[in-house]
Amino acid sequence: MNLLARIWYDLGQLRQTMAKASKDSSFRIVPAIALIQAHAKLPRGAKILDLGCRNAIEPRLLREAGWDVDPVDLWPMALGIRRGDMHALPCPDRAYDLVFASHCLEHAHTPDRALAEIARVLRRPGWLWAEFPVGFTTTAHDRTDYGSAGQLLALMVGRGSEARLVYSDERLGVVRALIALA
């Protein structure tokens with residue numbers, strides 16, 4: 001991505017972040033946590049990368065589930081959230097048991113690069129929770145329509161590990177998926 005395109009991308013993401021800086025996402029995070037607990041059975045203290053959390057609500061709810069949470073966002077809107085880009089995560093290799101990516105992957109300017117970074121930072125076995133819209137018209141902000149959980153899974157396969165879809169649900173144009181990497 002050239003410099004001008006990157007500036008345009010960053011400004012578009014910042015504009016949306018500012019518009020949604022205090023949005024309460026608990027209505028979707030609480031059910032996601034229950035599904036992760038049911039299917040992944042992560043122990044207390046499991047290391048979670050909370051990707052694209054924006055404000056402190058998401059990390060707080062994940063911590064209340066008993067997990068050790070490292071929140072990262074391109075434009076953090078709360079103290080305790082590290083600034084980081086999903087295309088070049090400021091995280092060591094194989095550091096996390098789960099990457100929690102709720103409504104952020106559709107913003108990737110280079111989806112292959114973002115998914116490669118997620119695979120890089122996940123331990124084996126590891127988990128990816130992804131929730132994303134489908135069937136929308138792409139914009140400068142919502143850049144990637146993954147189409148389905150199966151299509152996201154296909155993009156994760158071959159990233160140095162086996163990947164399988166453990167849970168998926170699609171309702172009202174939103175996909176929720178739990179992918180296991182071995």
Side-chain angles (χ1 to χ4, degrees), residues 25-54 57-74 82 84-108 110-135 143-182:
S25 57
S26 59
F27 71 95
R28 70 172 173 255
I29 304 307
V30 171
I33 290 169
L35 288 165
I36 292 165
Q37 288 171 324
H39 294 281
K41 302 190 185 332
L42 293 174
R44 290 188 65 75
K47 189 81 171 143
I48 310 296
L49 174 61
D50 187 5
L51 188 58
C53 57
R54 184 180 301 120
I57 295 168
E58 217 170 88
R60 177 182 53 81
L61 292 169
L62 293 167
R63 285 185 183 110
E64 288 173 0
W67 298 322
D68 180 8
V69 180
D70 184 8
V72 173
D73 195 286
L74 183 60
R82 285 194 299 155
D85 184 338
M86 72 175 107
H87 304 88
L89 290 168
C91 310
D93 294 355
R94 307 288 190 255
Y96 300 98
D97 299 298
L98 177 123
V99 172
F100 190 88
S102 179
H103 289 269
C104 69
L105 293 178
E106 66 271 17
H107 307 303
T110 311
D112 283 343
R113 182 70 194 137
L115 296 174
E117 279 293 279
I118 288 170
R120 178 184 67 78
V121 303
L122 275 173
R123 293 180 179 143
R124 301 300 189 271
W127 301 89
L128 167 62
W129 172 264
E131 188 167 341
F132 51 91
V134 293
R143 304 175 61 89
T144 303
D145 182 349
Y146 293 93
S148 68
Q151 288 176 344
L152 178 64
L153 174 67
L155 292 171
M156 291 302 295
V157 170
R159 299 207 177 274
S161 65
E162 293 180 29
R164 67 184 169 84
L165 190 59
V166 174
Y167 171 87
S168 71
D169 180 26
E170 182 176 339
R171 294 181 199 180
L172 301 172
V174 175
V175 169
R176 298 182 305 161
L178 183 63
I179 296 173
L181 276 73

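Note that this is a predicted model, so its numbers are computed, not measured.
- In this structure, Ile179 and Ala163 approach most closely via the heavy-atom pair CG2-CB, 4.1 Å.
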Without placing hydrogens or testing angles, list every side-chain donor-acceptor pair under 3.5 Å for residues 40-53, not counting sequence neighbours.
from: Lys41; atom 1: NZ; to: Ala38; atom 2: O; distance (Å): 2.7

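- Residues passing the side-chain contact (heavy atoms from CB on, under 4.5 Å) test with Pro133 are His103, Glu106, Phe136, sequence neighbours excluded.
- Shown here are the side chain to side chain donor-acceptor pair (under 3.5 Å) partners of Thr144, two or more places apart in sequence or in another chain: there are none.
- Judged as a side chain to side chain donor-acceptor pair (under 3.5 Å), and not counting sequence neighbours, the contacts of Glu64 are Arg60.
- For the side-chain contact (heavy atoms from CB on, under 4.5 Å) test, residues two or more places apart in sequence or in another chain that qualify with Gln37 are Ile33, Ala65, Trp67.
- For Pro90, the side-chain contact (heavy atoms from CB on, under 4.5 Å) partners are Val72, Arg82, not counting sequence neighbours.
- Two residues are said to be in side-chain contact when any heavy atoms from C-beta on lie closer than 4.5 Å; Glu131 and Val174 meet this criterion.
- In terms of heavy atoms, Cys104 sits closest to Met86 at O-CE, 3.3 Å.
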Compile the donor-acceptor pairs under 3.5 Å between side chains in residues 111-122 and protein atoms, sequence neighbours left out, one pair per line.
from: Asp112; atom 1: OD1; to: Arg159; atom 2: NH2; distance (Å): 3.4
from: Arg113; atom 1: NE; to: His87; atom 2: O; distance (Å): 3.0
from: Arg113; atom 1: NH2; to: Glu117; atom 2: OE2; distance (Å): 3.1
from: Glu117; atom 1: OE1; to: Leu89; atom 2: N; distance (Å): 2.7
from: Glu117; atom 1: OE1; to: Arg120; atom 2: NE; distance (Å): 3.4
from: Glu117; atom 1: OE1; to: Arg120; atom 2: NH2; distance (Å): 2.9
from: Glu117; atom 1: OE2; to: Arg120; atom 2: NE; distance (Å): 2.9
from: Arg120; atom 1: NH1; to: Cys91; atom 2: O; distance (Å): 2.8
from: Arg120; atom 1: NH1; to: Asp93; atom 2: OD1; distance (Å): 2.7
from: Arg120; atom 1: NH2; to: Leu89; atom 2: O; distance (Å): 3.1
from: Arg120; atom 1: NH2; to: Cys91; atom 2: O; distance (Å): 3.1

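- Within the 4.5 Å cutoff, the side chain of Ile36 has heavy atoms near those of the Phe100 side chain.
- Residues passing the salt bridge (charged side-chain N to carboxylate O under 4.0 Å, His left out) test with Arg123, sequence neighbours excluded: Asp97.
- When all heavy atoms of Ser102 and Ile29 are compared, the pair lying nearest together is OG-CD1, 3.8 Å.
- For Phe132, the ring-ring contact (aromatic ring centres under 6.0 Å, His included) test picks out Tyr146, with sequence neighbours left out.
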**Asked** Could you walk me through whether Glu58 and Val69 pass the side chain to side chain contact (heavy atoms under 4.5 Å, CB included) check?
**Response** CA-CA 10 Å; Glu58 217 170 88; Val69 180; over 6 Å; no
Please tabulate, for side-chain N and O atoms in residues 164-172, each donor-acceptor pair with protein atoms closer than 3.5 Å (sequence neighbours left out).
from: Tyr167; atom 1: OH; to: Arg176; atom 2: NH2; distance (Å): 3.3
from: Asp169; atom 1: OD1; to: Arg171; atom 2: NE; distance (Å): 3.1
from: Asp169; atom 1: OD2; to: Arg171; atom 2: NE; distance (Å): 3.1
from: Asp169; atom 1: OD2; to: Arg176; atom 2: NH2; distance (Å): 2.9

